[in-house]
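Each ligand, and each atom within it, is numbered from 1 in the order the structure gives. All heavy atoms count here, side chains included; hydrogens, waters and symmetry mates do not.
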Amino acid sequence: MKKKTVSVLLSVFMAATLLAGCGKATSEEAATEEAATEETETEEPAAEEEAASDDLIVVGYAQVGAESDWRTANTESFKSTFTEENGYKLIFDDAQQKQENQIKAIRSFIQQEVDYIVVAPVVETGWETVLQEAKEAGIPVILSDRQMDVSDDSLYTCWVGGNFIKEGQDAAAWLKNYLEEQGRADDEINIVTLQGTIGASAQVGRTEGFGSSMEDNWNMLDMQTGEFTQSKGQEVMESFLKQYDDIDVVVAENDNMAFGAIDAIKAAGKTCGPDGDIIIISFDAVKAAFESMIAGDMNVSVECNPLHGPRVAEIIQTLEAGGTVDKIMYVDEEVFPAETAADVIGTRAY
Ligand code: GYE
């Protein structure tokens, strides 16, 4: 296996560059360089290419797609971390939000005998067969971002990502507190939810976390998927506004759907945000969400950190060194209400 040829010296060098890679400037430079080059396809590498990558750790990343700002930041995090300079060859595949494309990509990684497979699974279920194939080929599978729901968890090495149930609970706790501050704690509150891709662990967790924290006087009028995209979020919100004239709160399971919902609300002649008619609760806390909060459109965004590239690299380095890693690793995340946005926006990396 190629990874066995990596010398101790190279490991030290990689660890140093990996640490440097965590710095903002370095990753931005790398991202700019990357943008100028063509995306790596999941085809068989040419013979010369294979020879040149002999000393590199080959990582296949089965990415969900490019549906949101969060996803773009996540892709950039991988591309700027898994560089040749840092000792890696990255084979990147964009599944366009389709599980069957991800399964094809994983099979192609197995065929190419990559050293590690990384998957951000579109949905939670339906992975056993392809993971078994990876296991038989002796290739470790690392899950990042969304989780898988598999009967045998030895089919993957570990997972790192956000705690989606907690994010949903945090959103509900923020709303409870906000309504108390507004003197509306005892009012009937009508809520609609724009859900993420149904069956994605980010959707399942956020829906469950918020739903299980609802107060008795909160009514969930409707829940529909906006597929984590701005355009679908806008479309679903337009139909909610036609159906319900008394919406108090929109829970958008990511920022991009919230942006679409805000556009729909304004187009319908209504207002939203801290001084408006409708409260907007969102998830991810990407830079554009801070801009939306500063503009007075969004009330709160619950953070979900997409910068998993360096985290996955650290896992791989630990495994390379013969170490063990925790099965489940949650990333720390915060809640950013509108009143904090102006102070915090300058510190956001994505
Ligand atoms: O919230 C959304 C993206 O899985 C946490 O996927 C991720 C979600 C994120 O499309 O913006």
Side-chain angles (χ1 to χ4, degrees), residues 61-78 93-99 101-102 118-125 127 142-149 159-171 193-210 223-234 236-237 250-262 280-292 298 300-309 311-312 328-336 348-350:
Y61 182 29
Q63 172 64 295
V64 169
E67 72 284 359
S68 64
D69 289 20
W70 189 101
R71 191 63 55 199
T72 304
N74 179 259
T75 292
E76 271 173 26
S77 174
F78 275 84
D93 186 86
D94 173 338
Q96 304 188 332
Q97 297 229 68
K98 293 199 178 77
Q99 181 175 33
N101 290 346
Q102 283 197 310
V118 183
V119 191
V122 177
V123 289
E124 290 186 328
T125 56
W127 298 102
I142 297 167
L143 307 184
S144 164
D145 166 27
R146 300 179 187 172
Q147 299 205 22
M148 285 183 188
D149 181 8
W159 168 86
V160 62
N163 187 336
F164 305 124
I165 295 180
K166 182 176 179 295
E167 290 170 8
Q169 290 166 340
D170 286 350
T193 299
L194 298 169
Q195 293 175 293
T197 305
I198 299 298
S201 69
Q203 174 275 313
V204 173
R206 289 169 187 169
T207 301
E208 185 189 321
F210 190 90
M223 295 203 267
Q224 264 180 54
T225 183
E227 305 287 355
F228 284 125
T229 68
Q230 179 158 344
S231 57
K232 198 76 204 297
Q234 179 168 351
V236 175
M237 191 65 211
V250 175
V251 178
E253 287 180 356
N254 81 343
D255 287 332
N256 291 80
M257 291 190 295
F259 305 149
I262 290 165
I280 308 286
I281 298 177
S282 182
F283 296 88
D284 285 355
V286 296
K287 227 176 210 155
F290 286 83
E291 284 158 9
S292 177
M298 187 185 279
V300 64
S301 191
V302 178
E303 183 183 33
C304 182
N305 189 309
L307 307 181
H308 296 320
R311 297 185 181 110
V312 171
I328 299 288
M329 286 167 272
Y330 291 115
V331 174
D332 285 342
E333 292 163 337
E334 290 180 51
V335 177
F336 295 106
R348 302 302 288 168
Y350 53 91

Between Trp127 (side chain only) and Met148 (backbone N and O only), is there a donor and an acceptor less than 3.5 Å apart? no
Closest heavy-atom approach to atom 6 (O) of ligand 1 among Glu227, Gln147, Arg146 is made by Arg146
For Cys304, the ligand 1 atoms with a heavy-atom partner under 4.0 Å come out as 5 (C)
re atom 7 (C) of ligand 1, the protein heavy-atom contact at minimum distance is Asp145 OD1, 3.2 Å
Quick note on ligand 1: atoms under 4.0 Å from a heavy atom of Ala202 include exactly 4 (O), 5 (C)
Per-atom filter on ligand 1: closer than 4.0 angstrom to a heavy atom of Phe164 are 5 (C)
With heavy atoms and a 4.0 Å threshold, my read on which part of Phe283 contacts ligand 1 is neither
*Would Arg206 count as a contact of ligand 1 if the rule is a heavy atom under 4.0 Å away?*
yes
| task | State, without any angle test, whether Gln203 and Thr225 hold a side-chain donor-acceptor pair at a distance under 3.5 Å. | result | no
Review point. Side chains of Glu303 and Arg348: does their closest heavy-atom pair fall under 4.5 Å?
Key: yes
CD of Gln147 to CH2 of Trp159, rounded to nearest 0.5 Å, is 4.0 Å
So the atoms of ligand 1 within less than 4.0 Å of a heavy atom of Glu67 turn out to be 3 (C), 6 (O), 10 (O)
Atoms of ligand 1 under 4.0 Å from any heavy atom of Asn254, numbered from 1 in the order shown, are 1 (O), 2 (C), 11 (O)
**Report entry** Sub-3.5 Å N/O-N/O distance, Ser68 and ligand 1
**Finding:** yes
Between Arg71 and Asp94, is the closest basic N to carboxylate O distance under 4.0 Å?
-> no
Does the residue Gly162 have a heavy-atom contact with ligand 1, meaning some pair of atoms that are separated by less than 4.0 Å? no
- Message: Is there a polar contact, in the sense of an N or O pair closer than 3.5 Å, between Asp284 and ligand 1?
- Response: yes
Does the side chain of Asp255 pick up a donor-acceptor pair with the side chain of Ser301 at under 3.5 Å?
-> yes
Query raised in the report: Can Gln63 and Asn74 be counted as having a side-chain donor-acceptor contact under 3.5 angstrom?
Result: yes
Only residue of Thr72, Asn256, Thr229 satisfying side-chain contact (heavy atoms from CB on, under 4.5 Å) with Glu67 is Thr229
